[in-house]
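Note sheet for the following structure.
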Amino acid sequence: MSTHAGGRPISGVVLRIGPLSMRVRPRAVLVGLLLLAVLAAVGLVSLTTGDYEASVAEVVDALFGGGPPGLDVVVRRFRLPRLLVAIGVGAALGTAGAVFQSVTRNPLGSPDVIGFTTGSATGAIAAILLLRATSFQVAAAAVVGGLLSGLAVYLLSYRRGAAGFRLILVGIGVSAMLASVNTYLLSRASLREAQLAQLWLLGSVNGRSWEHVVPLWASLAVLLPAVIAMGRGMAMLGLGADTASALGVRAERVSLWLMLGGVALTAVATAAAGPIAFVALAAPQIAVRLVRSGNPTLIPAALTGAVLLAGADLAGQQLFGPLRLPAGVTTAAVGGIYLIWLLGREWRKGWSSL
């Protein structure tokens, strides 16, 4: 039996698949199954609601080419790609948030706070306003912008290792600088171009098609297993770099690869849906409380992120009558309240330790 950073014992069964092994906790498995059930329910409701309402049975028939006339087109061409993008982006952001909160050992260490999401936005805005780019080129520019901002933050915060608190502070500074660049670019654009860029900046899965689904999920098929394979090293980092090194983990090397994977996941998610706020911040912490673990865990965080974003998109469509809110607006509204609570909790924790 071992302990995590919170000091409580970690129980579970060790599964071995070839050279890989992982510890599976029964509660984490149960939480994962429940999250999958919630995600399936949210997905079914999303597929049945809209201007063309349908029953669950009709939607299932439409998925296989049957159902009432025209419903198969609505479901398969419009609603299903939108849902799959929401699930994929939410899973990517939840996983990236878990990675950065583990590496920094701080619940505020998420890619939207550190600045990687802003970097992706800078790349996309530059492509829209300066290059008059196509949607594919905008997505590619968002990925490049996210990777470059991640590299900049890492190099600027590196002092014989990228310490968590220093990484967050440098990331906040880089994010502020990039946000000012975004504002400048918008101020120099024509009205039509500025409106187009601002629409992208809201963060939305509306209008997403299979040309967004395929590259997103192809990227996730590579990135998610690669990051999950480093889960043991990430868990050891939660004990602290010195303890992880004493246990045989190359802390700096593992941190670097985890950060690279987290930045790539953030960039891919932003390329698919624009900058979605607070999912990466909130999902890992919600998963921690559901699983009752001391540190963020990857698969529960990914499933929580998928549920949050799919649920936020559904809420934005249904809760405000004829007004349809982008998913990014919904997550920002709820996430702002969560951030205030989180900052208050960290502030009280800091005072209680004095």
Side-chain angles (χ1 to χ4, degrees), residues 4-5 10 19-23 28 91-117 119-120 143 146-171 174 219-270 279-281 283-285 287-288 291 293-305:
H4 53 54
I10 297 176
L20 301 178
S21 65
M22 66 172 62
R23 185 180 297 274
L93 292 176
T95 305
V99 166
F100 286 109
Q101 290 178 17
S102 295
V103 170
T104 62
R105 302 181 67 194
N106 192 312
L108 292 174
S110 74
D112 40 0
V113 173
I114 296 177
F116 303 144
T117 303
S120 295
V143 172
L147 294 175
L148 290 178
S149 63
L151 178 62
V153 170
Y154 182 81
L155 293 177
L156 290 172
S157 62
Y158 189 88
R159 297 291 186 277
R160 289 179 295 180
F165 190 64
R166 186 167 61 242
L167 186 75
I168 293 174
L169 289 179
V170 171
V174 170
S219 301
L220 295 182
V222 175
L223 293 172
L224 285 178
V227 172
I228 290 172
M230 294 184 282
R232 179 182 177 276
M234 191 183 88
M236 294 297 102
L237 287 177
L239 303 173
D242 293 338
T243 303
S245 298
L247 293 172
V249 175
R250 296 182 179 180
E252 189 58 35
R253 182 178 179 180
V254 171
S255 295
L256 178 60
W257 282 108
L258 281 169
M259 287 179 59
L260 181 61
V263 170
L265 284 169
T266 304
V268 166
T270 307
V279 172
L281 180 70
Q285 294 301 308
V288 163
V291 178
S293 61
N295 298 302
T297 47
L298 293 171
I299 296 178
L303 292 174
T304 303

Q. Looking only at heavy atoms, which two atoms of Gly94 and Ala283 are closest? And how far apart?
A. CA-CB, 4.0 Å
Q: Taking all non-hydrogen atoms of both residues into account, name the closest pair between Gly146 and Ala267 and its distance.
A: CA-CB, 4.3 Å
(Q) Within this structure, what is the CE-OG1 distance for the pair Met234 and Thr297, rounded to the nearest 0.5 Å? (A) 7.0 Å
**Q.** Candidate list Val263, Leu169, Leu167, test side chain to side chain contact (heavy atoms under 4.5 Å, CB included), partner Val153, passing option
**A.** Leu167
Q. Can you find a pair of side-chain heavy atoms, one from Leu265 and one from Leu220, that are under 4.5 Å apart?
A. yes
Q. Which heavy atom of Gln101 sits nearest a heavy atom of Leu281, and at what distance?
A. NE2-O, 3.0 Å
Q: Might you point out which heavy atoms bring Ala287 and Thr304 nearest each other, and give the distance in Å?
A: CB-OG1, 3.7 Å
Q) Could you give the distance from CD (Gln285) to CG (Leu108), rounded to the nearest 0.5 Å? A) 9.0 Å
Q: For residues Ala301 and Pro284, report the shortest heavy-atom separation together with the two atoms involved.
A: CB-CA, 4.0 Å
Q.
How close do Leu298 and Val227 get, counting heavy atoms only, and between which atoms?
A. CD1-O, 3.5 Å
Q) To the nearest 0.5 Å, what is the distance between OG1 (Thr104) and CZ (Arg166)? A) 13.0 Å
Q | CD1-CZ distance between Ile168 and Arg105, expressed to the nearest 0.5 angstrom | A | 12.0 Å
Q: Can you measure from OG1 (Thr95) to CG (Leu258) and round to the nearest 0.5 angstrom?
A: 11.5 Å
Q. Mind checking what makes side-chain contact (heavy atoms from CB on, under 4.5 Å) contact with Leu148, not counting sequence neighbours?
A. Val144
Q. So, do Ser110 and Phe100 sit near enough that their side-chain heavy atoms are less than 4.5 Å apart?
A. no
Q) Between Leu260 and Tyr154, is any pair of side-chain heavy atoms under 4.5 Å apart? A) no
Q) How far does CD1 of Ile228 sit from CD1 of Ile299, to the nearest 0.5 angstrom? A) 4.5 Å
